[in-house]
**Student:** 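Once you've had a glance at the structure underneath, I'll fire off some questions.
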Amino acid sequence: MKKTGAQILCEGLIERGVEVIFGFPGGVLLPLYDTLPQYPELRHILVRHEQGAAHAADGYARATGRAGVCLATSGPGACNLVTGIANAYMDSSPVVAITGQVARPFIGKDAFQETDITGITLPITKHNYLVLETEELAQIIEEAFHIALEGRPGPVLIDIPRDVFTEEVEAEKLGITNHRYKPKTGGHTVQVEKAAKTIDSARRPIIISGRGIIISHAAQELTELSSKAQIPVTTTLLGIGSFPGSSPMNLGMLGMHGAKHANLAVNNADVIIAVGMRFDDRATARFDSFASEAKIIHIDIDPAEIGKNIACTIPIVGDARVVLREIARLIQPQTHDGWLSQIREWQEEHPLPDVEGGEELLPQYVIRKIWEVTGGDTIIVTGVGQHQMWAAQHFTCDRPGSFISAGGLGTMGFELPAAMGAKVGRPEETVWCIAGDGGFQMTIQELATIAQENIGVKVAVIDNRFLGMVRQWQEFFYDERYVATPLSGPDLMKIAEAYGISSQRVGRREEVVPAIRRAMEHPGPFIIDFIVRSEENVYPMVQPGGSLTDFVEPPSKILSLLK
Amino acid sequence: MEKHIITALVEDKPGVLNRIASLFRRRGFNIQSLAVGSSEQPGLSRMTIVVGGNSRVVEQVRKQLAKLIEVIKVSDLSGESFVSREFVLIKVKTNRETRGEIIQLAEIFRANIVDVAPDSLIAEVTGDEEKVESLIGLLRRFGIKEIARTGCLAMTRGERSGNGKHLL
Ligand SMILES: Cc1ncc(C[n+]2csc(CCOP(=O)(O)OP(=O)(O)O)c2C)c(N)n1
């Protein structure tokens with residue numbers, strides 16, 4: 001039977017289990033949009049900016065573990081996806097981006113709204129396709145999803161010319177499912193045995209757990225390894241949730257704003273088991289002084305991550321779940337009481353700053369209360385900046401996939417559309433978007449999408465009237481010259497009202513819990529504008545350019561040391 | 001700087017060369033030469049890439065290349081026994097006095113003279129890098145007008161097909 005390219009695309013998506021497309025139409029997509037109503041099983045959510053579509057697909061993917069799909073027209077539409085695709089690439093998120101392209105005869109002629117989007121996205125996609133033969137479309141769709149999801153996930157873009165959507169071809173599938181792309185999953189046996197022996201002889205071991213644990217569903221195996229040999233765990237930002245936050249063996253996040261005792265433990269360890277993480281410089285601080293005494297076992301499914309930033313002693317390429325299960329089986333049961341009490345000592349010496357504060361509402365307090373009221377039973381989606389770090393430090397995540405944040409690219413504006421995508425993917429879950437007042441405004445137009453589709457995201461704007469994280473650096477390193485960081489307005493209550501979303505402003509501590517309760521009880525989306533202390537800083541903080549244990553001290557502490 | 005020869009078997013599709021070039025640029029890898037042509041398998045091309053850098057850099061090059069979906073197999077020939085050849089065209093200035101000497105030199109290097117003009121000639125030479133470089137060095141004093149080189153091609157000796165250590 002003959003089918004149009006548009007029909008082949010829709011059917012291909014349905015076959016891959018796609019239920020939702022976040023998209024925005026345009027000239028070359030008209031034939032596709034005209035075909036969509038034939039496929040009511042595909043829900044199309046009209047975003048208000050294509051960046052929002054890409055972040056929503058990303059949030060959807062991270063919340064569900066399935067591929068998220070976004071759709072944009074040629075030229076400006078495709079270009080607007082770029083930030084979102086780059087973000088998904090850095091954080092290994094399986095996003096399938098579909099873009100319309102000018103008709104084949106116009107390609108290369110600088111036609112109206114023509115952009116070389118496959119060229120532009122070359123370094124920020126795991127793979128991309130320009131479809132030149134309609135007959136190949138079905139195969140490409142299948143391959144694209146396979147590549148996006150297998151191994152280390154990542155975004156894949158399919159660029160489809162207008163006349164491919166309209167061309168009718170015999171739609172018999174080519175049926176070639178023999179994918180060349182087959183990442184290796186089982187670790188090398190000899191390496192795994194070596195790793196087990198190294199762990200057996202460790203005296204100060206630590207596990208650094210990353211997002212790879214969440215992607216490969218290895219949380220159970222990680223817990224087994226940690227408890228069998230009594231090994232403490234620290235997580236990367238994106239690894240939050242990979243190991244129960246409430247477990248006494250969880251030291252919290254490491255890195256630039258990591259817990260001091262976690263950083264100290266890493267730099268004093270004799271064996272580091274790094275799993276599904278890529279030694280990002282925000283996690284390791286200076287490479288050359290990172291854990292200089294430790295033997296490093298690095299487990300990752302992407303061979304190129306091994307040895308890229310930090311040389312390791314035992315490289316293991318494989319799926320975290322398979323490899324951890326094997327290692328946990330091979331190692332001897334052990335205790336490391338001395339090491340753990342040393343870490344406890346560090347922890348007692350360096351507790352996280354108080355969240356109660358004085359007169360002004362502290363942002364950390366807000367985060368803590370969202371955790372208390374929800375009982376941790378929510379998905380948290382953050383933007384980038386101080387609020388992100390406070391969420392990472394003060395929200396105790398016990399479940400894999402419940403903490404979603406723009407890590408690698410650090411994209412302000414991720415929070416709202418990604419939270420929207422997460423809620424669409426997991427409608428049964430409560431989704432809290434923890435937004436910065438700066439980042440919130442970068443994709444604020446998605447409030448219209450949220451209102452139109454009645455997507456019940458609860459938004460907590462941590463409103464400090466500053467581009468807070470940048471202001472913090474200006475305070476520390478540029479003599480408090482706050483250039484281009486103060487924000488004034490808009491009135492978020494009026495914004496919420498204009499979009500038809502219920503909201504509340506909160507400036508006092510006693511209002512926090514009732515407001516959070518009210519938001520949760522409210523059916524549908526709700527915005528709380530938390531007016532917090534404007535010059536609050538994120539501590540601990542590692543000296544930029546320094547090693548993991550060179551901490552920047554709060555001025556009050558420096559003063560008390562001087563006395 | 002250390003030099004390594006890497007060969008890659010890649011799908012013969014539009015844009016593959018672009019992907020590889022883009023990868024080298026973005027990661028700051030230093031390509032000294034890159035040669036590409038069809039391989040023994042239909043639909044697949046073989047690339048020979050000479051990269052500069054220490055072994056850690058070259059390992060990253062290998063691994064990053066292997067990550068590209070259209071790259072089927074990557075091998076680093078360092079430490080293997082292999083044959084490498086390059087094909088070069090050299091246009092040299094000549095006059096009545098020098099022509100004979102140049103032709104003699106060419107013969108020693110088993111280079112062929114493929115074009116002769118009143119004031120220049122073109123020699124073609126095949127060989128490993130050392131041979132090619134020494135011929136070019138000797139011809140320099142006559143005045144070289146133009147050089148075109150294919151870049152290095154390489155293959156492991158003996159039975160091994162696809163050559164070298166496999167990454168995938
Ligand atoms: C798109 C983008 N532009 C600029 C930055 C640089 N940047 C990092 S954090 C930050 C401030 C964020 O302010 P806000 O969203 O209000 O969050 P806060 O730090 O105050 O919690 C800026 C400007 C960025 N990360 N992303």
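In what follows, chains carry the letters A, B, and so on, assigned in the order in which the sequence lines appear, proteins first and then strands, with residues in each chain numbered from 1. In what follows, every heavy atom counts, from backbone to side chain, and hydrogens, waters and symmetry copies are set aside. Computed from a predicted structure; not experimentally measured.
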**Student:** Picking from A:G307, A:P123, A:A311, A:A304, which has the most non-hydrogen pairs under 4.5 angstrom with chain B?
**Tutor:**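 That would be A:A304.
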**Student:** Heavy-atom count check: over 12 atoms from other residues, nucleotides or ligands less than 6.0 Å from B:K91 NZ?
**Tutor:**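 No, not enclosed.
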**Student:** Which donor-acceptor pairs under 3.5 Å do side chains of residues 81-89 of chain B form with protein atoms, sequence neighbours excluded?
**Tutor:**
residue, atom, partner, partner atom, Å
B:S81, OG, B:R157, NE, 3.4
B:E86, OE1, B:R149, NH2, 2.9
B:E86, OE2, B:R149, NE, 2.9
B:E86, OE2, B:G151, N, 3.2

**Student:** Where on A:L130 is there a heavy atom nearer than 4.5 Å to chain B: the side chain, the backbone, both, or neither?
**Tutor:**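 Contact with chain B: none, neither part.
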**Student:** For chain B and chain A, give me every donor-acceptor pair shorter than 3.5 Å, distances to one decimal.
**Tutor:**
residue, atom, partner, partner atom, Å
B:E11, OE2, A:R180, NH1, 3.3
B:R19, NH1, A:N128, OD1, 3.3
B:R19, NH2, A:N128, O, 3.0
B:R19, NH2, A:N128, OD1, 2.9
B:R56, NE, A:G307, O, 3.2
B:R56, NH2, A:G307, O, 3.1
B:Q60, NE2, A:A304, O, 2.7
B:K63, NZ, A:P303, O, 3.2
B:K63, NZ, A:I306, O, 2.8
B:K67, NZ, A:D302, OD2, 2.5

